[in-house]
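One-based numbering, in listed order, for ligands and for the atoms of each.
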Amino acid sequence: MLAGLPEDPHGAVGLPIYAVAAYGFKTLEEGQERFATGEGYVYARQKDPTGRALEERLSALEGALEAVALASGQAATFAALLALLRQGDEVVAAKGLFGQTIGLFHQVFGLMGVRVRYVDPEPDGVREALTERTRAVFVETMANPALLVPDLEALAALAEEKGVALVVDNTFGAAGALCKPLRWGAHVVVESLTKWASGHGSVLGGAVLSRETALWGRFPQFLEPDLKGQVPWEALGPRAYPERVRTLGLSLGGMALSPFNAYLLFQGLETVALRVSRMSETARFLAERLRAHPKVRALRYPGLPEDPAYANAQKYLASGGPMLTLDLGSLEAASRFLGTIRLLKAPNLGDARTLLVHPWTTTHSRLKEEARLQAGVTPGLVRVSVGLEDPEDLLALFLEALGAV
Ligand SMILES: Cc1ncc(COP(=O)(O)O)c(C=O)c1O
């Protein structure tokens, strides 16, 4: 519980907020030293003590060599990929990724000449899609809202064999409280901290985490001399990748996390494991009570033995998780249910309050019907991010709304 907490001259118990843009030097030599080594603080766009505490705490929680905190989960995905990909490179990505990740692939990396192939994230399908130009395999810990969990260990072994980076969007892994992909061999984790890590739906944030690996010694961007004539791989070894993320995402891209938000996220991390554990118990309770309800056409919860995600969830997740989906069979039924239920309807996850969403008409509405169905989104599907309310109260509200269907 102490990882990341800086030593404070006043003995403060907790993380102070450094609301400061620049850090001064006493002498020319001190300034020169800080610019040359990158150690210490210079300017908060690159690194600041409050954000650094968050980075160190995240590294400890997920077993990372290094973490870089950014302004949002989206900024994290963007910076992580920017540091990996160049014109002509290819990515093999899981079908049914978060919509804005697909948007990044098409509207940004596509224009830069990067090609993306979408496959079911199974080792055989991924192997077939790999070419000599593939640099990264991109999957999510748990597909949203299909709630399928890929075989992370097998994908990591394949990536290692082929010399490509396995990048896992671990937003659903709740900052390690539910899943730690780096421990299974993923090279890079990107994640939104806006969800379970924050826990109160009050702040945006994201992070890129990476592990000790020799992989970066095979990527041209780490073998070519930089502006100072230094070869990143020779100078930094496995830290060459996170340093490039910091340079491109923060120093040049400016997608910096404010110290105030870093402070709130750090607070969230103190309780994330407890919250996720309680939310998962409640989600299981609801899933068990609702799966045989006559108005529920299908219920998905990775913690139920009959669920298609069960085997991988058992292996890779600390519990069945705080997410479940109900398929009520039609748009009309979903509309009645959501119109009746006395809970929040919002496109977010991981909040202390239970949040429901109708992916067909909201989060996935920009996709063609066929693509929505492929992503497991049907007109009757309702996604539930289970909160910290009393489980019996929640069940009563679900039963009341199902009664109106
Ligand atoms: C799986 C996943 N990745 C990334 C993001 C983007 O995170 P943020 O909203 O913090 O930018 C989200 C947001 O919903 C998400 O669900």
Identify the closest protein heavy atom to atom 8 (P) of ligand 1: which residue and atom is it, and at what distance? G73 N, 3.4 Å
T194 N/O to ligand 1 N/O under 3.5 Å: yes
Proximity to ligand 1 by part of K195, non-hydrogen separation under 4.0 Å: side chain
Over all heavy atoms of both residues, which pair between P322 and S280 is shortest? Give the atoms and the distance, please. N-OG, 3.7 Å
Please report the shortest heavy-atom distance between A76 and L70, naming the atom on each side. CA-CD1, 3.9 Å
Starting from atom 5 (C) of ligand 1, which protein heavy atom do you reach first, and at what distance in Å? F98 CE2, 3.3 Å
Sub-4.0 Å atoms of ligand 1 with respect to non-hydrogen atoms of D169: 1 (C), 2 (C), 3 (N), 4 (C)
In terms of atom number and element, which parts of ligand 1 are under 4.0 angstrom from non-hydrogen atoms of Q74? 6 (C), 7 (O), 8 (P), 11 (O)
Atom indices of ligand 1, in the order listed, that fall short of 4.0 Å to a heavy atom of G205: 10 (O)
Quick check: T101 and ligand 1, any N/O pair under 3.5 Å apart? no
Do we see a donor-acceptor contact under 3.5 Å between the side chains of T131 and E90? yes
The test is side-chain hydrogen bond (donor to acceptor under 3.5 Å, both in side chains); show your working for S210 and E66 and say whether it passes. CA-CA 6 Å; S210 54; E66 201 40 87; over 6 Å; no
Separation of L367 CG from Q374 CD (nearest 0.5 Å): 10.0 Å
Looking only at side chains, do D48 and Y23 share a donor and an acceptor under 3.5 Å apart? no
